[in-house]
There are 2 protein chains.
Amino acid sequence: MQNFNISIIGAGNIATHLAINFTKKGHLIEQVYSRNINNAKILAKKIKANPINNLANLKTNIDIILICVSDSAIIEVVNQLNFRSPLIAHTAGSVPMQALNKFDSFGVFYPLQTFSKNAKLNLNKVPFCIEANSEVNKKKLIDLANSISNNIFELNSEERLQAHLAAVFANNFSNHMFAMAEQMLKKHKIPFDILKPIILETATKIQQIPPQLAQTGPAVRNDIKTMEKHLALLTSQHLENLYSFVSQSIQNLKNQ
Amino acid sequence: MQNFNISIIGAGNIATHLAINFTKKGHLIEQVYSRNINNAKILAKKIKANPINNLANLKTNIDIILICVSDSAIIEVVNQLNFRSPLIAHTAGSVPMQALNKFDSFGVFYPLQTFSKNAKLNLNKVPFCIEANSEVNKKKLIDLANSISNNIFELNSEERLQAHLAAVFANNFSNHMFAMAEQMLKKHKIPFDILKPIILETATKIQQIPPQLAQTGPAVRNDIKTMEKHLALLTSQHLENLYSFVSQSIQNLKNQ
């Protein structure tokens, strides 16, 4: 395995998880940039890197620079970088690779996962979606991803945006269903704990069974009586609309 | 621990999981009823019980009869039972306990979990929601639940229906979000495998962090640019409506 010298722009959740895992695998993190020098220092200290808060101080005699800032902040960062090499990659799902085309060597290194700063996360099953402007650069990014994960996908920018959109449904929207359930239970002083096992089992089940086949519940059974009982319990027009809309969507998918 | 003699009406997923776990813990399953004698035989064989397909043959000199049929089939079963004892309980989330009030001793033994026939499932964390028409009967059902699970809740019929409704959001609706994601990826020939880790992490995260706090994504950040990119990718009016509706709901919840 090749070891790389890497600098990281960003000190948030993705930056932290990647930097720590890279260091564990023998890569060297040179610099960590954050607008807020204290955030840069917190991460830099964990991985024995140098914290900076001025992009002009970024060294370019290294192998790879990773931009680990939010999707919407990437352009602003890129506008402040006045070099053409080394290889630079961003880690965003929704930003086209061409956002980096002012550099000679560029690509994308997108981990399709939800990162929380405090949750310990083993990256070795995390899907890394790789794209680059040349075969040589692609190989470098794949080598880097392979050093921390067994789950590499080569996706172009369009496919990556599709995967990102699908992840919004699979992660953001499903989490919102958990949040609505939590809110309903709270009104009746039933602890949310009561749903934790079924939520974990729902996610575990689709590791083996395609979700469309795993679908259960009154909507897919067209159990109108139970659906009417549920609708009668809902305490707002918004919740009723959400219940009806998603139930209808379940039935549409079944009948396709 | 007290061992009970139990008969089970039904031979589906819940019946199977309960019967096997009861037997493991030393309870004796006397009879298994199914309209289809072959289904009764398949389960009965696993647990050395007697299969029957006529409810008139149900023996009543036992401790507990459990009705493990779908919510909508309970009344039909009850109408065919012409005895007043022993203690009888159903396992449904949405059916009031009073559906059994023609018996002397009755209650509810509702496991709040999604059961698949083939998925092996450890029941010891499954929430069992217990209700009964007397303290003595409640104690019996709690003792039975305690023998296979550490996670017992005493809920009345109204609370149980609320929990069942919340579970529809947490399980059925979130699974539907997975199914929609699967469908989108299929159109672009991206394997659904790419989402399995994020789905598992989403469910794992809320074991520790309340879902409302765990919410991420463009909607909760009000990242309009990314939401517009996503909407432009969606290939049907229905998907656009679903995306907008759930995104709006995420924003409503945030602003409450």
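Hydrogens, waters and symmetry mates are skipped; everything else that's a heavy atom, side chains included, is used. Protein chains get the first letters and strands the later ones, always in sequence-line order, with residue 1 at the start of each.
Screening residues 159-172 of chain A for salt bridge (Lys or Arg N to Asp or Glu O under 4.0 Å), with sequence neighbours left out, gives A:E131-A:R160.
Annotation: residues 249-256 of chain B contacts chain A through B:S249, B:I250, B:N252, B:L253, B:Q256 [non-hydrogen atoms, separation under 4.5 Å].
Comparing A:K225, A:H164, A:Q208 by heavy-atom pairs within less than 4.5 Å of chain B, the highest count is held by A:H164. Taking B:D71, B:V168, B:I206, B:V220 one by one and counting their heavy-atom pairs under 4.5 Å with chain A, the maximum is reached by B:I206. Of the listed residues (B:L161, B:I194, B:L112, B:L239), the one with the most heavy-atom contacts under 4.5 Å to chain A is B:I194. Interface check for chain A: of the options B:L195, B:N151, B:L233, the most heavy-atom pairs under 4.5 Å are formed by B:L233. Of all the listed residues (A:V95, A:N241, A:D223, A:T204), the one sharing the greatest number of non-hydrogen pairs under 4.5 Å with chain B is A:N241. With chain A as the partner, the residue from B:N172, B:L242, B:L213 showing the most heavy-atom pairs under 4.5 Å is B:N172. Comparing B:G217, B:S70, B:A167, B:A170 by how many heavy-atom pairs each has under 4.5 Å with chain A, the most go to B:A170. Note: A:N175 leads A:L155, A:N175, A:T202 in heavy-atom pairs under 4.5 Å with chain B.
Put simply, the side chain of A:E182 never gets that close to the backbone of B:P210: no donor and acceptor are under 3.5 Å apart. Put simply, the side chain of B:N171 never gets that close to the backbone of A:I198: no donor and acceptor are under 3.5 Å apart. No donor-acceptor pair under 3.5 Å is formed between the side chain of A:K125 and the backbone N or O of B:P197.
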Identify each donor-acceptor pair in which a side-chain atom of residues 184-191 of chain A lies under 3.5 Å from a protein atom, sequence neighbours left out, and give them as a table.
residue, atom, partner, partner atom, Å
A:K187, NZ, A:T235, OG1, 3.2
A:H188, ND1, A:M184, O, 3.3
A:H188, NE2, B:Q162, NE2, 3.1

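Side-chain atoms of B:I199 and A:P211, non-hydrogen and from C-beta on, never get closer than 4.5 Å to each other. Between A:M177 and B:H176 there is no side-chain heavy-atom pair separated by less than 4.5 Å. Contact check for A:L234 versus B:L165: side-chain heavy atoms found under the 4.5 Å cut-off.
Partners of B:F128 under the ring pair (Phe, Tyr, Trp, His ring centres under 6.0 Å) rule, at least two apart in sequence or in another chain, are B:F109.
Using a 4.5 Å cut-off between heavy atoms, B:Q248 makes no contact with chain A at all. With a 4.5 angstrom heavy-atom cutoff, B:V246 touches chain A via backbone and side-chain atoms both. Heavy-atom distances place the side chain of B:T226, and not its backbone, under 4.5 Å from chain A. For B:K196, the parts lying near chain A are the backbone and the side chain together; criterion is any non-hydrogen pair under 4.5 Å.
Residue-environment remark: NZ (B:K229) exceeds the threshold of 12 foreign heavy atoms within 6.0 Å. Around CD of B:Q207, the count of heavy atoms belonging to other residues, nucleotides or ligands within 6.0 Å exceeds 12. Crowding of A:K139 atom NZ: a count of heavy atoms from other residues, nucleotides or ligands under 6.0 Å not exceeding 12. Enclosure of atom CG in B:L231 by more than 12 non-hydrogen atoms of other residues, nucleotides or ligands within 6.0 angstrom is indicated.
Here the options are A:F173, A:Y243, A:F169, A:F178, the test is ring-ring contact (aromatic ring centres under 6.0 Å, His included), and the partner is B:F173; only A:Y243 passes.
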